[in-house]
There are 4 protein chains.
Amino acid sequence: MAFPRDPKVLFVVSPSMGIPIYQQLVDQIKRMVASGQLAGGAPLPSVREVAVTLAINPMTVSKAYSLLETQGVLSRRRGMGMVVSQDATGTQAIRDRLALLRPTLERAAEEAAQLHIDHGAAIALFEKVLKGKR
Amino acid sequence: MAFPRDPKVLFVVSPSMGIPIYQQLVDQIKRMVASGQLAGGAPLPSVREVAVTLAINPMTVSKAYSLLETQGVLSRRRGMGMVVSQDATGTQAIRDRLALLRPTLERAAEEAAQLHIDHGAAIALFEKVLKGKR
Amino acid sequence: MAFPRDPKVLFVVSPSMGIPIYQQLVDQIKRMVASGQLAGGAPLPSVREVAVTLAINPMTVSKAYSLLETQGVLSRRRGMGMVVSQDATGTQAIRDRLALLRPTLERAAEEAAQLHIDHGAAIALFEKVLKGKR
Amino acid sequence: MAFPRDPKVLFVVSPSMGIPIYQQLVDQIKRMVASGQLAGGAPLPSVREVAVTLAINPMTVSKAYSLLETQGVLSRRRGMGMVVSQDATGTQAIRDRLALLRPTLERAAEEAAQLHIDHGAAIALFEKVLKGKR
DNA sequence: GTGGTCTAGACCACT
DNA sequence: GTGGTCTAGACCACA
């Protein structure tokens with residue numbers, strides 16, 4: 001049990017949703033890194049563990065991890081599985097949390113424009129939704 | 001009291017984008033109905049016409065129209081083309097423009113929460129993005 | 001006004017239903033002949049009149065009349081429009097009302113079999129539906 | 001506890017008949033779900049398999065499956081094929097076998113009324129037809 | 001003229 | 001392996 005502490009990381013996926021499972025994992029891990037929930041060097045649960053827990057295909061988890069490795073967010077520690085990169089350029093880029101939020105807001109702005117919803121109404125709705133979140 | 005001839009309805013699609021063409025058409029028509037640009041009873045350009053104009057396959061257009069028909073947004077006038085449903089429940093649901101915008105904003109709120117971005121910062125970013133739209 | 005009495009015949013069609021309009025007209029007229037509501041020699045409303053009343057295309061009415069003429073149910077009286085055939089073989093065949101009802105019941109029996117509904121339950125449901133009709 | 005492998009599900013279609021092939025498939029699968037022959041979670045033969053077996057185009061099969069998915073009868077397991085929805089509202093509605101039979105019987109009752117056929121005669125004919133089915 | 005159906009075959013995304 | 005998307009082109013039914 002000399003492993004680097006129990007990685008109490010939990011992922012959630014919604015199968016049969018529009019977004020691919022591997023993509024949901026990638027986004028989720030990025031957000032956890034950005035918010036500091038996953039610090040540099042922190043270990044990630046093994047591919048097999050995630051696969052069993054979420055009842056998904058191991059290859060799907062592997063694809064997510066590989067993608068994040070390519071992007072420099074995760075590193076492969078031989079014999080120890082994946083860990084969050086210490087301060088690689090990849091991780092650096094993710095630290096800008098606003099940048100991660102922007103794409104979705106841009107899509108919302110696009111939709112608002114096409115629906116002829118003015119800025120005030122759109123912002124009001126966003127505020128309402130944010131408050132409803134908790 | 002003649003019918004609004006020459007349906008000057010124009011669609012735009014971005015091929016080679018991630019979103020399927022038929023889906024782009026579906027979303028676009030829904031927004032046009034929602035914004036009142038396409039009123040109840042308004043005729044839609046024929047499948048062939050759209051296909052030629054956008055240089056896509058008629059079946060792709062047909063698929064979009066069929067989907068909208070099952071959703072109650074469009075009605076088929078046998079041998080006479082498609083028209084926007086008069087006041088079907090489907091169309092009704094679409095009339096609420098804010099409701100159409102909400103899902104995306106909810107996703108944004110969800111992401112903001114996971115990123116530990118506070119409400120003020122999120123709203124500020126949304127305002128910035130909205131202004132950037134034009 | 002020397003026309004053979006006002007043909008108080010009324011047709012009903014449900015547009016945007018599965019069954020073609022001309023077919024609905026054909027079936028309806030056959031049933032009216034079978035039940036005696038339209039006796040031999042009785043005049044039918046003109047193509048134009050039916051088309052205007054039901055707000056459908058005259059060609060559709062014409063197609064129904066022509067089909068019935070081919071089948072010997074109607075006859076074309078020059079200058080007088082269509083009338084029910086006096087006792088042509090076509091009309092004769094229609095006089096068997098049960099035969100007209102049979103196809104639909106056969107389809108029902110087919111469906112009941114595929115649904116594994118036994119005869120007793122199917123008949124019980126039919127009785128219930130018949131009583132509900134009035 | 002292994003999944004019910006070898007889905008011995010067989011479909012039959014009559015090409016060159018009036019009813020579209022995809023519609024025949026849809027109806028057939030609905031009846032199989034209704035009669036319990038296809039339980040919730042049961043896997044369906046792959047699009048390609050059905051296409052080869054019935055010697056029809058994969059897209060035709062795909063269209064049937066897609067329709068049943070939008071109706072909530074089937075679910076897509078990403079990359080793993082289609083299965084019968086566990087207990088979706090769509091499936092639920094189908095479980096009532098009598099309800100599936102009713103529309104046809106109502107049409108028959110309607111026709112009987114228009115033909116002035118009394119209830120007794122109509123039921124007698126239905127019994128006769130049912131017996132003739134086997 | 002309208003939309004609907006089907007085919008044959010290619011390519012892509014997900015697991 | 002799975003289903004999804006799109007194409008090009010043919011034929012049919014309806015009004």
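Below, each value reflects all heavy atoms present in this structure, side chains not excepted, and no hydrogens, waters or symmetry copies. In what follows, chains carry the letters A, B, and so on, assigned in the order in which the sequence lines appear, proteins first and then strands, with residues in each chain numbered from 1.
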Expressed in angstrom and rounded to an integer, what is the separation of [X] atom [atom1] from [N] atom [atom2]?
{"X": "D:Arg77", "N": "F:dG1", "atom1": "CZ", "atom2": "C1'", "result": "17 Å"}
{"X": "B:Tyr65", "N": "E:dT5", "atom1": "OH", "atom2": "P", "result": "17 Å"}
{"X": "D:Leu25", "N": "E:dT5", "atom1": "CG", "atom2": "P", "result": "13 Å"}
{"X": "B:Met82", "N": "E:dG4", "atom1": "CE", "atom2": "C1'", "result": "11 Å"}
{"X": "B:Leu74", "N": "E:dG3", "atom1": "CG", "atom2": "P", "result": "11 Å"}
{"X": "A:Gln24", "N": "E:dA13", "atom1": "CD", "atom2": "C1'", "result": "15 Å"}
{"X": "D:Leu67", "N": "F:dG3", "atom1": "CG", "atom2": "P", "result": "16 Å"}
{"X": "D:Ile21", "N": "F:dC11", "atom1": "CD1", "atom2": "P", "result": "17 Å"}

Nearest-nucleotide wise, let me know which of B:Gln23 and C:Lys63 is further upstream toward the 5' end of DNA chain F.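 Checking each residue's closest nucleotide, the 5'-ward one belongs to B:Gln23.
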
5' priority, DNA chain F, between B:Gly79 and B:Thr60 [closest heavy atom]: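 The 5'-side residue here is B:Thr60.
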
Might you point out which heavy atoms bring B:Ala108 and A:Leu105 nearest each other, and give the distance in Å?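 So the two residues come closest at CB-CD2, 3.7 Å.
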
Closest to the B:Val47 side chain, choosing from E:dG3, F:dT7, F:dT2: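 Nearest nucleotide to the side chain: E:dG3.
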
In terms of side-chain heavy atoms of B:Ser62, which of E:dC14, F:dG4, E:dG4 is nearest?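 Of E:dC14, F:dG4, E:dG4, E:dG4 is nearest to the side chain of B:Ser62.
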
With the side chain counted from C-beta on, respond yes when [X] and [Y] share a heavy-atom pair under 4.5 Å apart, and no when they do not.
{"X": "A:Val61", "Y": "A:Ile56", "result": "yes"}
{"X": "B:Gln23", "Y": "B:Val26", "result": "yes"}
{"X": "C:Val12", "Y": "C:Gln28", "result": "yes"}

Test side-chain contact (heavy atoms from CB on, under 4.5 Å) on B:Gln37 and B:Arg31; report intermediate values, then the result. CA-CA 8 Å; B:Gln37 191 170 345; B:Arg31 286 196 216 96; over 6 Å; no

Starting from the C-alpha separation in whole Å, work towards a yes-or-no answer on side-chain contact (heavy atoms from CB on, under 4.5 Å) for A:Gln24 and A:Phe11. CA-CA 9 Å; A:Gln24 295 182 41; A:Phe11 300 135; over 6 Å; no

Go ahead and name the base partner of E:dT7; Watson-Crick or wobble counts if both distances stay under 3.5 Å, otherwise write none.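 E:dT7 is paired with F:dA8.
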
Base-pairing mate for F:dC14 - Watson-Crick or G-U, with both contacts under 3.5 Å: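 The base-pairing partner of F:dC14, which may sit in any strand shown, is E:dG1.
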
Should the side chain of B:Arg48 and the base of E:dG1 be counted as holding a donor-acceptor pair, with the cut-off at 3.5 Å?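 Checked by distance alone, the answer is no.
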
Nearest heavy atom decides the nucleotide; on that basis, is A:Tyr22 or B:Gly81 closer to the 5' end of DNA chain E?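 Its nearest nucleotide being more 5', the pick is B:Gly81.
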
Side-chain donor or acceptor of C:Ser85 paired with backbone N/O of C:Gly72 under 3.5 Å: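 Checking the backbone N and O of C:Gly72 against the side chain of C:Ser85, a donor-acceptor pair under 3.5 Å is found.
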
Using OP1 and OP2 only, check whether a side-chain N or O of D:Arg76 sits under 4.0 Å from F:dG4.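 Result: yes.
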
Expected rows: protein N/O vs nucleotides 8-10 of chain F N/O, under 3.5 Å:
{"unit_1": "F:dA8", "atom_1": "N7", "unit_2": "B:Asn57", "atom_2": "ND2", "d": "2.4"}

